[in-house]
Asks: 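I have a structure here, written as structure tokens, and I will follow up with some questions on it.
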Amino acid sequence: MQARTLRKKFIEFFKEKGHKEIPQTSLIPENDPTVLFTTAGMQPLGPYFLGEKHPEGKRLMNIQRCLRTGDIDDVGDICHLTFFEMLGSWSLGDYFKTQAIRWSFEFLTDKKWLGLDPKRLYATVFKEDKNIPQDKESIKIWKEQFKKAGINAEVYPGSKPIKGNENYRIFPLKKDNWWGLTTGGPCGPSTEMFYDLNPKKGPLQKTFLKEIDEGRLVEIWNDVFMEFNKLPNGVLQKLAQKNVDTGMGLERTIASLQEKRSVFETELFSNVIKKIEKLSKRKYKEEENQRPMRIIADHIRASVFLIMDNVIPSNTEQGYILRRLIRRIVRYGRKLGIEKKLTSELARVVISDYKDLYPDLEKKKEKIISELNKEEERFKQTLEKGLKEFEKILERLKGKKLSGEDAFYLYETYGFPIELTKEIAKERNISVNLKGFLTAKKRHQELSRKGAEKKFAGGLAGKSRKTIKLHTATHLLHQALREILGNHIQQKGSNITPERLRFDFSHPEKMTDEQIKKVEEIVNQKIKENLPVRMKIMSLKAAEKSGALALFKEKYKDKVKVYFIGNFSKEVCGGPHVKKTGELKSFKIIKEESVGAGVRRIKAVVED
Ligand code: SER
């Protein structure tokens with residue numbers, strides 16, 4: 001089965017079960033400063049698990065592009081990826097465990113759908129911890145499912161190596177069977193489904209976790225029973241509604257279905273790998289080429305999609321991740337002996353592979369190619385400078401060993417791979433203090449990790465409330481701008497952090513001080529009037545007819561949410577918003593500037 005068919009079947013299956021397909025979102029979360037990337041299909045649905053009504057109803061599904069950087073060092077093995085696509089389905093306070101597990105089993109095993117052999121399937125469930133009991137309900141439902149396939153499924157007791165009993169199908173695990181975003185919010189126990197890639201070996205022998213580590217078992221689906229909300233102080237609160245969040249990694253599942261050793265051997269990567277083989281004149285089947293080729297293939301997909309989603313290489317946040325990905329491609333390219341232009345050549349292949357599913361790739365092709373070329377060029381220049389610096393270090397060198405600090409300096413400042421440093425040093429009969437290098441690197445990583453943790457831990461508590469206020473303020477600002485500057489004003493971008501809102505809009509010239517003051521006055525007047533904010537679900541047609549501003553029409557399905565602020569503003573929007581404008585207290589514009597021809601940017605704050 002090809003990925004194309006899996007996509008189609010997944011959509012068809014869940015539509016048949018009454019789910020609506022919702023559009024996927026960007027890799028960069030909108031209006032959520034607490035996370036850098038969309039890491040799971042459920043992420044944009046946060047408010048709906050907590051009780052907000054979704055315009056498309058209670059049963060949803062989609063295919064969402066995701067990016068996770070936590071596993072970047074594992075990329076190169078058989079299954080880890082930074083960029084991947086997730087097949088997801090959700091119940092928002094509708095059906096719960098029984099239906100979810102039944103449907104999972106049906107989709108995986110029924111001949112009409114994936115037709116996997118039930119004898120090759122295993123399920124894990126939540127074991128128990130001091131707050132939450134074992135998920136006995138899921139165990140019971142799994143037993144019923146396996147029974148349908150003639151298997152007397154038993155729960156494996158304890159965590160010792162499994163002594164060959166093929167009925168052991170259900171494994172209670174602890175931390176692997178609890179799922180939620182690291183930033184908190186909706187979460188709950190989960191049940192994961194695993195596929196046996198090597199059934200010829202007979203019943204499982206080692207511990208369940210070992211069988212996963214050694215690549216015999218691969219996780220293909222995760223059903224999360226989201227009935228809790230993790231508060232910023234860590235306390236778990238029972239939600240008013242019980243939700244289901246399922247996610248199936250497209251690449252892993254397709255590799256399992258095709259009985260391939262790794263995701264890189266499926267059609268999702270074959271064209272890119274072929275191109276790398278051509279540029280390097282080396283073969284993927286040679287063991288030593290596999291890791292670098294896989295890293296390049298993964299990173300180029302991630303880079304192309306990040307640029308499609310408007311990220312450009314930089315030294316901060318998402319842009320920094322993109323920069324690292326691109327530089328890693330160039331470094332690993334050199335390891336394979338590729339000196340000529342690499343990233344844009346590979347990007348052309350990714351774009352051609354994915355443009356039918358993601359038409360934006362074709363539209364933004366030029367930009368993607370040019371950003372990649374620029375960054376690759378920049379890095380190559382640093383590489384040249386680094387080589388000169390290297391010569392200087394060698395001149396100063398006393399003895400025959402390059403210190404770990406120097407090697408790390410070359411690595412950190414000039415992006416010099418340690419392997420390259422070693423190679424050049426060897427030509428001069430000089431060795432490199434590898435241990436010293438690793439110590440310096442580790443010290444540096446610890447420092448930057450601490451920095452990152454601090455950044456993410458920084459008072460999440462008050463953050464979401466503040467961003468909601470700024471979101472409502474953005475709507476007020478938008479309408480006020482139209483009143484003062486005219487109806488040609490169109491939103492070009494919006495970004496909210498807990499500190500400020502940022503709003504980009506089309507307008508040919510700098511705003512005068514007078515205009516800025518008037519806009520502020522209108523927004524403050526509307527705050528003073530304490531207008532109610534109301535939401536109505538309506539068809540896109542009706543929304544447009546009512547005069548609501550609708551910015552991203554192609555993103556909306558037939559039903560949309562329209563937010564009304566008194567009679568002042570009407571806008572199609574996903575929310576969330578405050579209940580009454582009075583909550584904003586006061587509004588102030590702190591900056592008005594140009595961000596390109598015909599586009600102005602306003603930064604503004606509200607009082608706490
Ligand atoms: N959110 C869950 C996961 O990422 C299920 O989709 O595994």
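We count ligands from 1, going down the list as the structure has it; atoms in each ligand are counted the same way. Source: prediction; values computed, not measured.
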Asks: Backbone, side chain, both or neither: what part of T246 comes under 4.0 angstrom of ligand 1, heavy atoms only?
Replies: backbone

Asks: Considering the heavy atoms of M42, write down every atom of ligand 1 situated less than 4.0 Å from one of them.
Replies: 1 (N)

Asks: Considering non-hydrogen atoms of the protein only, which is the closest contact for atom 2 (C) of ligand 1, and what is the distance?
Replies: D245 OD2, 3.4 Å

Asks: Is there a side-chain contact between I326 and P313, using heavy atoms and a 4.5 Å cut-off?
Replies: yes

Asks: Do L108 and M248 come close enough that some side-chain heavy atom pair is under 4.5 Å?
Replies: yes

Asks: Touching ligand 1 at all, R68? Heavy atoms, strictly under 4.0 Å?
Replies: yes

Asks: For residues R301 and Y354, is any side-chain donor paired with an opposing acceptor at under 3.5 Å?
Replies: yes

Asks: Among V272, I78, L81, which residue meets the side chain to side chain contact (heavy atoms under 4.5 Å, CB included) test with F264?
Replies: L81

Asks: Yes or no: does M86 have any heavy atom under 4.0 Å from an atom of ligand 1?
Replies: yes

Asks: Could you pull out the closest heavy-atom pair between N165 and P203, with the gap in Å?
Replies: N-CB, 4.0 Å

Asks: Where is the nearest protein heavy atom to atom 7 (O) of ligand 1: which residue, which atom, and how far?
Replies: N222 ND2, 3.0 Å

Asks: For ligand 1 and G247, I'd like to know whether there is a polar contact (N/O to N/O, distance under 3.5 Å).
Replies: yes

Asks: Side chains of Q258 and E265: donor-acceptor distance under 3.5 Å anywhere?
Replies: no

